[in-house]
Visitor: 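Please read through the structure below; I'll follow up with questions.
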Amino acid sequence: MLISKSLAAHLHTCFLLLILLAFGLPEIVPVARGDVGTASYYTPPYQPTECYGEEPSQFPSSNLFAAAGDGVWDNGVACGRQYLVRCISVVRSGTCIPERTIQIKIVDNALSSTSAAAAYKQSITGATLVLSQTAFGALTNLSVASIKVEFQQ
């Protein structure tokens with residue numbers, strides 16, 4: 001009888017642990033839910049944009065905005081989307097500002113040759129996100145052309 005009570009107590013503890021692992025772990029241990037890509041930057045002037053043309057109110061007052069590269073643009077559906085972006089680059093020590101996450105707004109298409117974010121204005125071409133200079137500078141300590149980022153809508 002002593003053995004059966006002990007076994008029942010162990011089973012109860014194991015069952016409780018399974019429930020915590022199944023339902024409570026994501027709240028205890030944060031899980032990355034974002035996408036990973038590269039970010040470069042582009043320089044002013046930032047108009048016209050593919051999303052809003054010459055409309056001056058398109059830019060957030062923080063100047064934290066970006067042009068969407070391939071995979072994010074989605075035939076213009078990305079216009080106006082907000083993304084949380086953080087630097088995760090590990091190429092050079094000290095590249096990223098630790099624990100810094102910014103919110104950016106998509107205002108342009110990085111693949112367009114007629115927008116202000118045209119390839120010739122980008123620090124590198126082919127990036128997932130092409131950030132304004134202000135947004136790029138908010139994520140990195142160093143003068144680099146691109147960084148690796150994690151982003152989520």
Visitor: If only atom types and distance count, is the side chain of S40 paired as donor or acceptor with the main-chain N or O of S123 below 3.5 Å?
Guide: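 No; judged by distance alone, with no hydrogens or angles, the pair does not exist.
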Visitor: Using modelled atom types and a 3.5 Å cut-off, is there a donor and acceptor pairing between side-chain atoms of Q58 and backbone atoms of E55?
Guide: yes
Visitor: Flag the pair C79 / W73 as yes when at least one side-chain heavy-atom distance between them is below 4.5 Å, and no otherwise.
Guide: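 Side chain of C79 against side chain of W73, heavy atoms only: contact under 4.5 Å found.
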Visitor: Short question: side chain of K121, backbone of P45 - any donor-acceptor pair under 3.5 Å?
Guide: yes
Visitor: When you measure from the side chain of Y52 to the backbone N and O of G80, does any donor-acceptor pair fall under 3.5 Å?
Guide: yes
Visitor: When you measure from the side chain of Q47 to the backbone of E54, do you find a donor-acceptor pair of N or O atoms at a distance under 3.5 Å?
Guide: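 A pair under 3.5 Å: yes.
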Visitor: After noting the C-alpha distance and the side-chain angles of T101 and E150, does the key distance pass the side chain to side chain donor-acceptor pair (under 3.5 Å) rule?
Guide: CA-CA 9 Å; T101 300; E150 178 183 56; over 6 Å; no
Visitor: Could you check whether any side-chain N or O of D35 sits under 3.5 Å from a backbone N or O of F151, counting only pairs where one atom can act as donor and the other as acceptor?
Guide: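 Checked: no pair found.
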Visitor: Sub-3.5 Å donor-acceptor pair from the side chain of Q122 to the main-chain atoms of A117, do we have one?
Guide: yes
Visitor: Can you tell me how far the CD atom of Q152 sits from the CG atom of L84, to the nearest 0.5 Å?
Guide: 5.5 Å
Visitor: Could you tell me the separation between the CG atom of D108 and the CZ atom of F59, rounded to the nearest 0.5 Å?
Guide: 7.5 Å
Visitor: Can you check whether A138's main-chain N or O pairs, donor with acceptor, with R100's side chain at less than 3.5 Å?
Guide: yes
